[in-house]
Amino acid sequence: MFFRRKPPQYRVPLTRRVRDLELVSARLIRAGFAGDYHSAFHGRGIEFSQVREYQPGDDIRTIDWNVTARSGVPHVKEFIEERDLTVIVAIDVSGSMSFGSIDWRKCDIAAELAAVFAFSAVQNSDRIGLLLFSTAARVFIPPRRGRAHAQVIVRAAVDAAMRGPRGVAGFEGAGRFLERVNAKRSVVIVLSDFLDLNFERALKRLNRRHDVVAIALSDPREERFPRGALAHLADAESAAARLVDLGSADVDRRAAARWQQIDRRLRSAGVDRLQVSTAMPYDRDLLRFFRERALRR
């Protein structure tokens, strides 16, 4: 499975872009994403369903020894998952998310991933909500079920990408906002480039109540630079500018060290994490992430 996607069209109507993402999500879901999503994110627990006769291949740990002793025939217990799952997609819409050196910006990938999670939630009858944040919480759509609600979420995520991210990432404010408006334990999927390193404490605190997953979005030009030139670079969030010698090997080392630092801080926060690049299709990595997470749990 490997999907080659067309670059996003910024001048098309918002409704068409939403429809395009719905089609992309449907194709990924047909390829098995909804099932792996279901396995990766669990509900509140399991409850007893029934007892039936043992069949070859059943897990012997589920044998009901009392019924087996009374009947003389091996029986096993069956359980069903008590799902009742709420998923909130939290998208960083600060200025750095507008960067993209090839066809895709980080905010475009975030909007597409939001669509994949929203329609996977619909497929599994889960509630899905959305938070757009930068300096503060900008948009919050409370979790609900249904395809129409998922379309509202995708429309808001696409609209934010088309308008262009702005401001500074405020993880502390976003985390406290979610704690205030959503007391129920939920899966919180954070889509960000995490270039503002002040996220560790906020994610660690949020992870005490919720199941937090961090998807770190990156672009090749944030890690590797063209050699032999001076460049005037400006911070997309603070507007601070400086002259940088791209011929220095120290630039690449510092960029690589920064991503290692992001990974260490996410690990320290105790959250599951996945890195997604604007330069590569994410479907294989996301599928692998779902399956590894399901195995761990």
Side-chain angles (χ1 to χ4, degrees), residues 36-47 81-94 97 110 113-114 116-118 120-122 124-146 149-150 152-153 156-157 160 168-217 262-276 286 289-290 292-297:
D36 286 290
Y37 159 97
H38 181 98
S39 301
F41 302 115
H42 295 293
R44 294 185 300 180
I46 58 174
E47 60 180 11
E81 183 181 1
E82 191 179 0
R83 192 157 176 90
D84 191 27
L85 187 66
T86 297
V87 178
I88 297 176
V89 178
I91 303 180
D92 173 5
V93 290
S94 62
M97 290 289 286
L113 284 168
V116 171
F117 286 120
S120 294
V122 170
N124 286 278
S125 299
D126 296 334
R127 284 182 290 271
I128 182 78
L130 177 72
L131 171 66
L132 303 178
F133 71 94
S134 56
T135 311
R138 283 172 47 183
V139 173
F140 179 65
I141 301 176
R144 292 194 182 90
R145 293 187 175 93
H149 182 66
V152 171
I153 284 174
V168 179
F171 291 95
E172 192 71 28
R176 292 194 180 281
F177 177 84
L178 278 179
E179 289 174 354
R180 189 168 65 252
V181 301
N182 189 63
K184 182 177 181 180
R185 180 171 172 81
S186 307
V187 174
V188 179
I189 302 171
V190 184
L191 303 174
S192 173
D193 53 17
F194 296 101
L195 293 184
D196 182 342
L197 295 175
N198 297 318
F199 60 78
E200 183 180 345
R201 186 176 65 176
L203 293 190
K204 185 179 291 187
R205 188 179 63 247
L206 191 64
N207 198 45
R208 293 193 192 110
R209 176 179 294 178
H210 303 292
D211 179 5
V212 179
V213 175
I215 299 184
L217 304 171
I262 289 172
D263 186 67
R264 282 197 303 271
R265 293 195 178 202
L266 289 172
R267 194 183 304 119
S268 175
V271 304
D272 285 346
R273 60 208 178 279
L274 171 69
Q275 184 176 356
V276 171
L286 189 58
F289 172 76
F290 281 166
E292 289 175 354
R293 179 182 161 91
L295 287 173
R296 286 197 304 272
R297 290 174 177 266

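- Remark: the backbone N or O of G170 is not paired with any side-chain donor or acceptor of T135 at under 3.5 angstrom.
- The ring pair (Phe, Tyr, Trp, His ring centres under 6.0 Å) test applied to F199 returns F171, F194, not counting sequence neighbours.
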Next on the checklist: Assess the residue pair I128 and V89 against the criterion (side chain to side chain contact (heavy atoms under 4.5 Å, CB included)); give the C-alpha distance rounded to whole Å, side-chain angles, the decisive distance to 0.1 Å, and a yes or no.
Outcome noted: CA-CA 8 Å; I128 182 78; V89 178; 3.9 Å; yes

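- The side-chain hydrogen bond (donor to acceptor under 3.5 Å, both in side chains) search around S192 returns D92, not counting sequence neighbours.
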Name the atoms and distances for all side-chain donor-acceptor pairs under 3.5 Å in residues 173-182, with sequence neighbours left out.
| from | atom 1 | to | atom 2 | distance (Å) |
| --- | --- | --- | --- | --- |
| R176 | NE | E172 | OE2 | 3.4 |
| R176 | NH2 | E172 | OE2 | 3.4 |
| E179 | OE2 | R205 | NE | 3.1 |
| N182 | ND2 | K184 | O | 3.1 |
| N182 | ND2 | S186 | OG | 2.8 |

Next on the checklist: Using the rule given for side chain to side chain contact (heavy atoms under 4.5 Å, CB included), can you reason through I88 versus I189, listing the C-alpha separation, both sets of side-chain angles and the distance that settles it, and then say yes or no?
Outcome noted: CA-CA 6 Å; I88 297 176; I189 302 171; over 6 Å; no

Next on the checklist: Please evaluate residues V93 and R138 with respect to the criterion side chain to side chain contact (heavy atoms under 4.5 Å, CB included), reporting the C-alpha separation (whole Å), side-chain torsions for both, the decisive distance (0.1 Å), and the verdict.
Outcome noted: CA-CA 9 Å; V93 290; R138 283 172 47 183; 3.4 Å; yes

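- Checked against side chain to side chain contact (heavy atoms under 4.5 Å, CB included), S268 has the following partners two or more places apart in sequence or in another chain: E200, K204.
- A search for side chain to side chain contact (heavy atoms under 4.5 Å, CB included) contacts involving A110 returns I91, M97, L191, L217, not counting sequence neighbours.
- Here the side chains of L206 and V271 are not in contact, with every heavy-atom distance at 4.5 Å or above.
- Between D196 and A169, the shortest heavy-atom contact is OD2-O, 3.1 Å.
- Qualifying side chain to side chain contact (heavy atoms under 4.5 Å, CB included) partners for R145, counting only residues two or more places apart in sequence or in other chains: D84, R127.
- With hydrogens and angles ignored, the 3.5 Å screen pairs a side-chain donor or acceptor of R265 with a backbone N or O of L197.
- Among all heavy-atom pairs drawn from L130 and A156, the shortest one is CD2-CB, 3.7 Å.
- Shown here are the side chain to side chain contact (heavy atoms under 4.5 Å, CB included) partners of D263, two or more places apart in sequence or in another chain: R267, R273.
- Put simply, the residue from I215, L203, V213, L131 that forms a side chain to side chain contact (heavy atoms under 4.5 Å, CB included) with V190 is L203.
- When atom types are taken as modelled, the side chain of D126 and the backbone of T86 share no donor-acceptor pair closer than 3.5 angstrom.
- For the pair V168/S94, no side-chain contact is recorded, criterion being any heavy-atom separation below 4.5 Å from C-beta on.
- Partners of F289 under the ring pair (Phe, Tyr, Trp, His ring centres under 6.0 Å) rule, at least two apart in sequence or in another chain, do not exist in this structure.
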